[in-house]
Amino acid sequence: MLLYGGELQVDEKFAPSYYEGRNRPLHVLRNINLEQLKLRILRALKFDPRNFSVNLVCRVPVGNEFVASHVEDDDVCEVLLCQAETEFLIMYVDVEEKNVSEDNIDPSNSKRYATSTQVERVDVITSPSRLEATEEALHL
């Protein structure tokens, strides 16, 4: 079950609470990696993977309680998907818009590489053309 669009709060014992938002069931194959899972979730929630990314936190049973566990790599993903075969898995999804500039330059570095060009004013002196010089000489 995906919970998204709300606010996840985790207390000092790592117990998760989720407020507001929506939920959506999702079936995924056990043999997918984290990147494939993220793509599957983005598509299921109707977000374009080229423009959005997700952070995932899973509710994991520990004894009689639940703790929040960040899904950060393929190993964690594999453990959670194995657990999903026998238990109902709740995944908290935080969708973020990717911040990519058109030219892929980090704005904080753009000043470092700024260039300045100074243009010096050049006065162009025009001399009379050959025709004007000839006409002037004939009128003398």
Side-chain angles (χ1 to χ4, degrees):
M1 177 69 70
L2 303 177
L3 299 180
Y4 64 100
E7 180 183 356
L8 173 64
Q9 294 181 359
V10 179
D11 68 15
E12 66 278 352
K13 295 181 180 180
F14 300 104
S17 298
Y18 201 74
Y19 300 95
E20 307 283 323
R22 303 179 64 178
N23 64 61
R24 182 194 191 290
L26 180 71
H27 180 268
V28 295
L29 300 174
R30 180 176 169 237
N31 62 346
I32 64 173
N33 64 29
L34 180 57
E35 284 306 309
Q36 292 168 331
L37 176 62
K38 287 180 176 184
L39 285 172
R40 176 80 171 91
I41 289 170
L42 283 168
R43 288 184 180 127
L45 298 179
K46 309 280 191 264
F47 286 96
D48 185 346
R50 294 172 293 184
N51 300 324
F52 293 90
S53 63
V54 292
N55 293 315
L56 304 174
V57 176
C58 190
R59 187 181 81 154
V60 180
V62 177
N64 292 329
E65 298 181 13
F66 293 96
V67 297
S69 176
H70 289 272
V71 186
E72 298 174 328
D73 58 37
D74 289 336
D75 292 333
V76 175
C77 183
E78 182 181 355
V79 168
L80 296 174
L81 292 175
C82 286
Q83 180 183 349
E85 289 184 349
T86 59
E87 305 219 10
F88 195 70
L89 191 66
I90 293 182
M91 185 88 55
Y92 306 105
V93 179
D94 180 27
V95 179
E96 296 179 335
E97 189 169 5
K98 291 181 181 177
N99 188 9
V100 178
S101 64
E102 290 181 25
D103 55 0
N104 289 331
I105 294 177
D106 182 1
S108 63
N109 289 331
S110 62
K111 290 181 183 174
R112 183 184 309 167
Y113 301 108
T115 58
S116 69
T117 305
Q118 294 181 350
V119 177
E120 200 174 296
R121 182 179 170 178
V122 177
D123 290 326
V124 178
I125 301 172
T126 57
S127 60
S129 69
R130 292 181 134 190
L131 180 59
E132 290 172 342
T134 307
E135 287 176 350
E136 193 174 308
L138 291 175
H139 291 294
L140 288 176

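Note that the structure is a prediction, hence the values are computed from the model and not measured. Counting from 1, the numbers follow the sequence of the chain as shown.
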Asker: Which value, rounded to the nearest 0.5 Å, describes the distance between Cys58 atom SG and Phe66 atom CZ?
Answerer: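 Reported value, rounded in 0.5 Å steps: 10.0 Å.
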Asker: In terms of side-chain geometry, is the basic nitrogen of Arg50 or Asp48 positioned less than 4.0 Å from the acidic oxygen of its partner?
Answerer: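 A salt bridge links Arg50 with Asp48.
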Asker: Would you say CD of Glu20 has more than 12 non-hydrogen atoms from neighbouring residues, nucleotides or ligands within 6.0 angstrom?
Answerer: no
Asker: Can you confirm whether more than 12 heavy atoms, excluding those of Phe52, are under 6.0 Å from its CZ atom?
Answerer: yes
Asker: Just verifying a value: how many Å separate Arg24 CZ and Leu3 CG, rounded to the nearest 0.5 Å?
Answerer: 12.5 Å
Asker: Whether the side chain of Tyr4 engages the backbone of Val95 through a donor-acceptor N/O pair (distance < 3.5 Å, no angle test) should be reported.
Answerer: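 Pair absent, no side-chain N/O of Tyr4 close to backbone of Val95.
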Asker: From Arg59 CZ over to Ser17 OG, what is the distance, rounded to the nearest 0.5 angstrom?
Answerer: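 It comes to 10.5 Å.
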Asker: Answer yes or no: does atom CD of Glu85 have more than 12 heavy-atom neighbours from other residues, nucleotides or ligands under 6.0 Å?
Answerer: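 Yes - once you tally the heavy atoms of other residues, nucleotides and ligands closer than 6.0 Å, there are more than 12.
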Asker: What residues form a side chain to side chain contact (heavy atoms under 4.5 Å, CB included) with Asn64, not counting sequence neighbours?
Answerer: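 Asn64: no side chain to side chain contact (heavy atoms under 4.5 Å, CB included) contacts found.
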Asker: The criterion is salt bridge (charged side-chain N to carboxylate O under 4.0 Å, His left out); which residues satisfy it with Asp73, sequence neighbours excluded?
Answerer: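 For Asp73 there are no salt bridge (charged side-chain N to carboxylate O under 4.0 Å, His left out) partners, ignoring immediate neighbours.
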Asker: Who are the side chain to side chain contact (heavy atoms under 4.5 Å, CB included) partners of Arg43, not counting sequence neighbours?
Answerer: Leu39, Pro49
Asker: First locate atom CZ of Arg40, then atom CG of Leu26, and finally report the distance between them rounded to the nearest 0.5 Å.
Answerer: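 Reported to 0.5 Å precision, the distance equals 4.5 Å.
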Asker: Say you draw a straight line from NE2 of His70 to CZ of Phe14; how long is it, rounded to the nearest 0.5 Å?
Answerer: 9.0 Å
Asker: May I ask you to test the Leu80-Leu56 pair for a side-chain heavy-atom distance under 4.5 Å?
Answerer: no
Asker: Would you check if Lys98 and Asn51 make a side-chain contact, meaning some heavy-atom pair closer than 4.5 Å?
Answerer: no
Asker: For Asn33, does its backbone N or O pair with a side-chain atom of Gln36 as donor and acceptor, under 3.5 Å?
Answerer: yes
Asker: Using 0.5 Å steps for rounding, measure from the CG atom of Asn55 to the CD atom of Glu72.
Answerer: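 Asn55 atom CG to Glu72 atom CD measures 9.0 Å (nearest 0.5 Å).
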Asker: Could you walk me through whether Met91 and Leu37 satisfy the side chain to side chain contact (heavy atoms under 4.5 Å, CB included) test, starting with their C-alpha distance in whole Å, then the side-chain angles of each, then the deciding distance to 0.1 Å, before giving a yes or no?
Answerer: CA-CA 11 Å; Met91 185 88 55; Leu37 176 62; 4.3 Å; yes
